[in-house]
Amino acid sequence: MRSSTLFGRTLREAPAEAELVSHRLMLRAGLMRRLAAGIYSYLPLGWRVMRNIEAIIREEMDAIGGQEINMPVVHPAEIWQESGRWYEVGPELARFKDRGGRDLVLGMTHEEVVTDLARREVDSHRQLPFMVYQLQTKFRDEPRPRGGLIRVREFVMKDAYSFHHHQEGLDAYYPQVCRAYINICRRSGLDVVMVASDVGMMGGTGAHEFMLVSEAGEDTLLICSQCGYAANREVAVLGKTPASPVATGELRAVETPGMRDIPGVAAFLGVTPSQTLKTLVFVAGDQLVLACIRGDLEVNERKLANLLKVAETRLAGEAEARSLGLVPGYVSPVGLTGYRIVADDSVPKAGALVAGANREDHHFTGAGYGRDFVAGLVGDIAAARAQDPCASCGNGLEMTRGIEVGNTFKLGVKYSRALKAVYLDAAGQELPVVMGCYGLGVGRLAACIVEKHHDERGIIWPVTVAPYHVYLMTVGDEEEVVLAAQDLYTELQAHGIPVLYDDREVSAGVKFNDADLLGFPVRATVSKRNLRAGAVEVKRRRDTEAFRVPVDSVVDSIEQTLAQEAAAYTVR
RNA sequence: CGGGGUGUAGCGCAGCUUGGUAGCGCGCAUGGUUUGGGACCAUGAGGCCCCGGGUUCAAAUCCCGGCGCCCCGACCA
């Protein structure tokens with residue numbers, strides 16, 4: 001490709017809308033352009049990157065037995081009603097009607113469609129297991145798109161779906177997909193961490209996310225550098241060794257004037273926060289819930305919602321709590337009846353605690369779980385924080401931000417049961433197929449690569465995804481220079497090397513700067529100066545030094561350099 | 001959906017406080033001189049100053065109401 005005919009141009013200054021490095025560079029390099037919030041067009045250079053990433057994805061999915069298919073973007077409402085998500089998913093699911101007034105949706109994910117396909121095609125256990133995948137555009141009406149391609153509304157996603165006879169089959173296959181995901185990221189130049197995650201709207205029995213550790217990330221991760229435990233904050237567990245449990249003594253009411261928070265009460269009564277009971281008032285659906293936890297810990301609302309099996313919870317306001325007969329600042333389950341109470345599993349083990357007395361300016365001391373109060377539901381609802389002990393090894397957890405590039409879910413039979421995707425086993429028994437689903441954001445992967453591979457001058461593409469491998473340019477417009485450059489251009493192409501030839505009539509500085517901005521792995525410069533010495537200058541994007549290479553061995557030299565670059569991104 | 005910011009030429013911005021018919025840099029076009037890190041000279045094109053309403057002799061500027069976009073939060077496979 002010649003620069004003079006390449007569609008799209010570079011920008012000297014980034015549009016004011018862009019803040020993230022990847023966003024700025026991708027706009028400046030002319031990879032993409034915004035059409036509306038979270039909706040982008042891909043220009044030739046950007047689309048080549050996308051295609052390169054897709055090629056890697058195809059290889060890795062095929063390697064674990066995947067079969068590529070393509071499913072519709074527009075779905076009839078019926079299958080979404082069958083799965084129940086028509087009613088569960090909010091406005092991020094774009095809905096519209098066709099001319100006949102029938103309800104349709106824009107596919108934001110394809111569990112319904114693929115399950116419908118499976119129920120039509122699969123009758124027998126002999127047809128299982130299998131995995132299908134597609135690379136396709138999704139639309140999700142996100143409440144807040146941001147950061148260029150980091151969070152968009154329309155995006156290319158690789159989504160894969162596996163179908164097994166039993167949970168054991170899925171359990172055995174699942175790690176292969178995870179391995180493939182790690183490979184895809186590695187080959188694209190990204191080291192990602194696999195973290196345990198919430199199942200969210202997908203439902204199912206287990207899930208992981210593949211995260212690029214980055215300040216630009218939207219998720220918070222807790223990682224143990226000692227044993228390797230890693231989880232999204234939404235589900236991260238922490239060790240809850242009792243600080244210093246006090247044997248349960250007598251339950252006594254004491255005056256605690258104006259002491260409405262844990263640190264205040266603990267200090268006033270001379271105990272540690274871990275010897276107090278914190279009780280928070282939540283609204284879960286149409287129900288009021290009192291959530292109890294040891295005073296030094298905090299409630300994780302995601303975990304609470306999961307334990308209660310509701311979509312979400314929210315903290316009740318003071319006035320709201322008061323109107324329901326509670327005394328904010330002094331709420332506790334001790335002596336209360338008629339309320340739904342849940343407790344973190346730290347509470348029953350905590351011994352005697354200081355708890356609210358449900359009256360102004362009073363607390364109880366010596367409150368013991370089982371004797372003075374109980375909860376209808378006990379489980380892990382504690383929020384893991386930085387420095388909390390790791391649940392498996394006790395080491396301090398580290399907290400970082402991460403960008404989710406992909407995720408994997410063990411769906412189980414949620415969709416196959418709802419849509420009746422069943423098969424007959426060898427004994428003639430009818431069983432629902434056991435499903436898994438696996439998503440990967442192609443554009444987000446591209447943005448992450450730029451986020452990790454750049455310097456102050458521009459992008460530094462890994463050769464595996466670079467739009468072109470060589471940036472060929474001239475300095476000066478003497479005939480000998482132009483002819484030599486054209487020869488080299490032809491020769492590189494003959495060797496199958498993707499090359500962009502900057503044949504524009506602009507000053508050398510412009511070309512050098514664009515070469516750095518676009519970030520192809522190798523730059524080749526033909527100039528009168530070097531030609532006189534029978535040489536062409538070759539420079540790696542990530543190096544600062546350039547080398548003179550004899551004209552007749554330039555192509556060999558470039559091929560070797562590219563091979564070295566590629567070696568850094570191979571797996572196995 | 002809450003909080004903050006912003007909207008003037010393709011991009012980056014000034015002008016708005018104090019109303020008087022729109023400007024700078026880059027980019028673009030043409031001609032010429034240039035060519036190892038975003039060259040120089042000359043000429044030129046390009047604007048529903050986000051939209052609607054109001055105040056006024058007169059609105060980019062003041063007032064009211066919308067909308068777009070960005071950031072933080074809520075939310076998010």
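Just so we're on the same page: letters track the sequence lines, and every chain starts at 1.
- Among the atoms of the strands shown, none is found under 4.0 Å from any heavy atom of A:Y438.
- Within the nucleic acid shown, A:G147 comes within 4.0 Å of sugar-phosphate atoms alone, with no base atom in reach, counting heavy atoms only.
- Across the strands present, B:rA45 finds no partner; the criterion is a Watson-Crick or G-U wobble pair with both atom distances under 3.5 angstrom.
- Of the P atoms belonging to B:rA39 and B:rC75, the separation is 50 Å, rounded to the nearest Å.
- Contact annotation: A:R144 side-chain N/O to B:rA74 OP1/OP2 distance is not under 4.0 Å.
- A salt bridge does not link A:E19 with A:R24: every distance from a Lys NZ or Arg NE/NH1/NH2 to an Asp or Glu carboxylate oxygen is 4.0 Å or more.
- Nucleotides of RNA chain B nearest to A:R34 and A:E218 differ in position, and the one nearer the 5' end is that of A:R34.
- Base pairing analysis places B:rC26 opposite B:rG10; the two distances defining the Watson-Crick or G-U wobble pair are each below 3.5 Å.
- Nucleotides B:rU8 and B:rG46, compared at atom C1', are 14 Å apart to the nearest Å.
- For A:D477, counting side-chain heavy atoms from C-beta on, the closest listed nucleotide (B:rU35, B:rC76, B:rA77) is B:rU35.
- Spacing of P atoms, B:rA58 relative to B:rC11, comes out at 33 Å, to the nearest Å.
- Spacing between B:rA9 and B:rG15 at atom P, rounded to whole Å, works out to 15 Å.
- Taking atom CD of A:E301 as the reference point, atom C1' of B:rG73 lies 14 Å away to the nearest angstrom.
- Comparing B:rC70, B:rC75, B:rG10 against the side chain of A:P143 picks out B:rC75 as the nearest.
- Base pairing of B:rU33 is made with B:rA39, judged by Watson-Crick or G-U wobble geometry with both donor-acceptor distances under 3.5 Å.
- Looking at A:R542 and A:D455, no side-chain N of the basic residue comes within less than 4.0 Å of a carboxylate O on the acidic one, giving no salt bridge.
- Contact check on A:E537 versus A:R548 returns no salt bridge, with no Lys/Arg side-chain nitrogen under 4.0 Å from an Asp/Glu carboxylate oxygen.
- Taking atom C1' in both B:rC28 and B:rA45, the straight-line distance is 8 Å, to the nearest Å.
- Only the P atoms considered, B:rU61 is 16 Å distant from B:rU6, to the nearest whole Å.
- Cation-pi check for A:K539 over A:F547 is not met; the charged atom does not lie both under 6.0 angstrom from the ring centroid and within 45 degrees of its normal.
- Whole-Å rounding puts the A:E88 CD to B:rC75 P distance at 18 Å.
- For A:R95 and A:D103, the salt-bridge test fails: no basic side-chain N is under 4.0 Å from an acidic carboxylate O.
- In this structure, CZ of A:R151 is placed 17 Å from P of B:rC69, rounded to the nearest angstrom.
- In A:R9, the CZ atom is not crowded: 12 or fewer heavy atoms of neighbouring residues, nucleotides or ligands sit closer than 6.0 Å.
- The separation of B:rC49 from B:rG4, taken at their P atoms, amounts to 29 Å, rounded to a whole angstrom.
- Distance A:R153 CZ to B:rA77 C1': 17 Å, rounded to the nearest Å.
- When heavy atoms are screened at a 4.0 angstrom cut-off, A:A16 is found touching the sugar-phosphate backbone but no base atom.
- Salt bridge absent: A:K158 and A:E68 never bring a charged side-chain N and a carboxylate O closer than 4.0 Å.
- Rounded to whole Å, the distance from CG on A:L27 to P on B:rG10 is 17 Å.
- Within 6.0 Å of CZ in A:R146 there are more than 12 heavy atoms belonging to other residues, nucleotides or ligands.
- Among the heavy atoms of the strands, none lies under 4.0 Å from A:A18.
- If you measure from atom CG of A:L43 to atom C1' of B:rG10, you get 14 Å, rounded to the nearest angstrom.
- For A:Q167, the side-chain hydrogen bond (donor to acceptor under 3.5 Å, both in side chains) test picks out A:D171, with sequence neighbours left out.
- With a cut-off of 3.5 Å on both Watson-Crick or G-U wobble distances, the partner of B:rU17 is given as none.
- Going from atom CZ of A:F210 over to atom C1' of B:rA77 covers 14 Å, rounded to whole Å.
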Please encode protein proximity along nucleotides 36-49 of chain B as a string of B, S and -, counting only heavy-atom distances under 4.0 Å. BBBS----------
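- A 3.5 Å limit on both hydrogen-bonding distances identifies B:rG5 as the Watson-Crick or G-U partner of B:rC69.
- The nearest whole Å value for the distance from the CZ atom in A:R233 to the P atom in B:rG73 is 10 Å.
- Comparing B:rA74 with B:rA29, their P atoms sit 48 Å apart, to the nearest whole Å.
- Between A:C178 and A:M194, some side-chain heavy-atom pair lies under the 4.5 Å cut-off.
- When each of A:L440 and A:G38 is assigned the nucleotide of RNA chain B with its nearest heavy atom, A:G38 is the one assigned upstream, toward the 5' end.
- Among B:rC70, B:rG25, B:rG73, the nucleotide with an atom closest to any side-chain atom of A:E13 is B:rG25.
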